[in-house]
Student: 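What follows is a structure written as structure tokens; I'll ask about it next.
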Amino acid sequence: MDKLQDAIDILKEYHQDHIIRLLEKLDEKHKQELIDQIHSIDFHQIMELYNNTKKEIEFKESKIEPLKYLDKAKLTEKQRARFDELGEKIIRNGKYAVVTMAGGQGTRLGHSGPKGTFKLDVYGKGKYLFEILAENLKEANEKYHTTIPWYIMTSRENNKETVEFLEKHNYFGYDKNYVTIFTQSELPLVDEDGKLLIEKDYKIKEASDGNGGTYSSLRNSGALADMKERGIKWVFIGGVDNVLLKMADVTLLGMAKEKKVQIASKSVVKANPHEKVGVFCKMNGHPKVIEYAELPEKMAEEVDRKGELKYGESNIICHLYTIEALEKASKEILMYHSAHKKNSYIDEEGKEVIPDKPNSYKFESFIFDAFEFFDDIAILRGKREDDFAPVKNKEGVDSPKTAKELYEKYWNKRKN
Ligand code: UTP
């Protein structure tokens, strides 16, 4: 009884009266489940985050500087051989693991299952995004005579479907003993009036709390401890939706080792000064990915003596960490950003509403926000046509159509 009253008090305090009305209608089982969920949610935090969506973003006085990078295509032969040798050695010795972040909702793509289960129409037969990633890792395993441990992060929303899908497809031939699936944390979704959304099973609708959740989820799930037990020294983290992602780039790895940095990342040069991508820079002396909206226009257009954009290295979610760096990041608290997204919900009549435009806020921390906890990062510039073909939108830029073209072009080039 007290638990119910406490839940009602919380809901009243945070103006969630629609959930009080829902509680009154539910049978005992659903009611208890909802009460437990209410007690597990930090309403204060969620309402703070919601209130922040109404405030102007403040750009703090910050010192922004360009970040040095190496261009993979312009390395000397000697440099390249040195990096590759160092990188290869790490992988061959079984000290390398890979994490795929597959906990996103993929709302822009609008595919009905987890994004990794999306089939890209390539070479007639098509390939699933998970299949493309598995193939990339299997190729590396063959080349370096090893099996790279593969950790896949899901969300509570898509975990079951992801596991069933991978089981059904026999992990696309990847040794199951080397695949670990773990789940990230979640936060409730809030509509534009600050009301928490309700989902089909009469619970408060929660969704993954951004790819910045990877670090703490790796630790909390035991995946990080597992990596340490396996003797892993370097960990690559990438997204699920770049069909040209190279998860075992020995040049990147060797460069990080040679430069003795704790974190490294691959970039591609911006398509034009105003492309809407986050770029690498140094902010107040620490590495950072600055969002396009935060980079002053003048800086976005600035070029160096060679005519190259000073802030031209865009983030393609292709990150590398020492195990110590990952452990450190897993203990830091990252800030949350809000994303305005389309999310279906159940209205007070019990009907499902599928919005056709963004209707709610999802709160997300970003993986790159942890970079500022480090002194330095090594950046390797790759090539857009070799390294970056994301599947983000249903149509237009970064869509299945553009990814198919880039994927087929890349593989046709490799085959010839
Ligand atoms: P995006 O930021 O592109 O988001 O994720 P998304 O969820 O895939 O797509 P939209 O914005 O809803 O359309 C970049 C990478 O980070 C992962 C995604 O799965 C993708 O690999 N991610 C994102 C997570 O693992 N968890 C999250 O909470 C968010």
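Counting starts at 1 for both ligands and their atoms, in listed order.
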Student: Is the closest heavy-atom distance from A102 to ligand 1 below 4.0 Å?
Tutor: yes

Student: Provide, to 0.1 Å, the distance between atom 16 (O) of ligand 1 and the closest protein heavy atom, together with that atom's residue and name.
Tutor: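 Checked against all protein heavy atoms, atom 16 (O) of ligand 1 sits closest to N211 ND2, 3.2 Å.
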
Student: If you take the centroid of each ring, where Trp contributes its six-membered ring, are H319 and F371 closer together than 6.0 Å?
Tutor: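 Judged by ring-centre distance (under 6.0 Å), F371 and H319 do meet the cut-off.
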
Student: Scan for salt bridge (charged side-chain N to carboxylate O under 4.0 Å, His left out) pairs involving residues 251-264, sequence neighbours excluded, and state none if there are none.
Tutor: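 Pairs touching residues 251-264 that pass the test: R82-E258.
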
Student: Considering only heavy atoms of K392, which atoms of ligand 1 have at least one such atom less than 4.0 Å away?
Tutor: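 Listed by number with element, the hits are 1 (P), 3 (O), 5 (O), 14 (C).
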
Student: Are the aromatic rings of Y128 and F165 close, with centres under 6.0 Å apart?
Tutor: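 Here the rings of F165 and Y128 have centres that are less than 6.0 Å from each other.
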
Student: D42 side chain to H44 main-chain N or O, any donor-acceptor pair under 3.5 Å?
Tutor: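 Checked: pair present.
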
Student: Which residue owns the protein heavy atom closest to atom 2 (O) of ligand 1, what's the atom, and how far is it?
Tutor: R108 NH2, 4.2 Å

Student: Looking at every non-hydrogen atom in both residues, tell me the closest pair between G126 and E131 and how far apart they are.
Tutor: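 Scanning both residues completely, I find the closest heavy atoms to be O-OE1, 4.4 Å.
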
Student: Taking the six-membered ring for Trp, are F363 and H337 closer than 6.0 Å centroid to centroid?
Tutor: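 Ring centres of H337 and F363 not closer than 6.0 Å.
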
Student: Give the numbers and elements of all ligand 1 atoms closer than 4.0 Å to a heavy atom of M153.
Tutor: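 It comes down to these atoms of ligand 1: 25 (O).
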
Student: Identify the protein heavy atom lying closest to atom 28 (O) of ligand 1, giving its residue, its atom name and the separation to 0.1 Å.
Tutor: G210 N, 2.7 Å

Student: Below the 3.5 angstrom mark, is there an N/O of L109, backbone or side chain, next to an N/O of ligand 1?
Tutor: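 By distance alone, the answer is no.
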
Student: Determine whether the side chain, the backbone, both or neither of T100 has a heavy atom under 4.0 Å from any heavy atom of ligand 1.
Tutor: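 T100 to ligand 1: no contact under 4.0 Å from either part.
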
Student: Which pairs pass ring-ring contact (aromatic ring centres under 6.0 Å, His included) with one or both residues in residues 234-276, sequence neighbours excluded?
Tutor: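 Listed once each, the pairs would be none.
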
Student: In sequence, state the C-alpha distance, the side-chain angles, and the governing distance for N159 and R156, and then conclude on side-chain contact (heavy atoms from CB on, under 4.5 Å).
Tutor: CA-CA 5 Å; N159 178 273; R156 254 172 264 169; 5.9 Å; no

Student: What protein heavy atom is closest to atom 17 (C) of ligand 1, reported as residue, atom name and distance in Å?
Tutor: M101 O, 3.7 Å

Student: Is the contact between E157 and ligand 1 made by the side chain, the backbone, both, or neither, using heavy atoms and a 4.0 Å cut-off?
Tutor: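 No part of E157 is near ligand 1 at this cut-off.
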
Student: Starting from atom 11 (O) of ligand 1, which protein heavy atom do you reach first, and at what distance in Å?
Tutor: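 Sorting protein heavy atoms by distance from atom 11 (O) of ligand 1 puts K341 NZ, 2.9 Å first.
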
Student: Number the atoms of ligand 1 from 1 as they appear, then name those within less than 4.0 Å of a heavy atom of I317, with their elements.
Tutor: 14 (C)

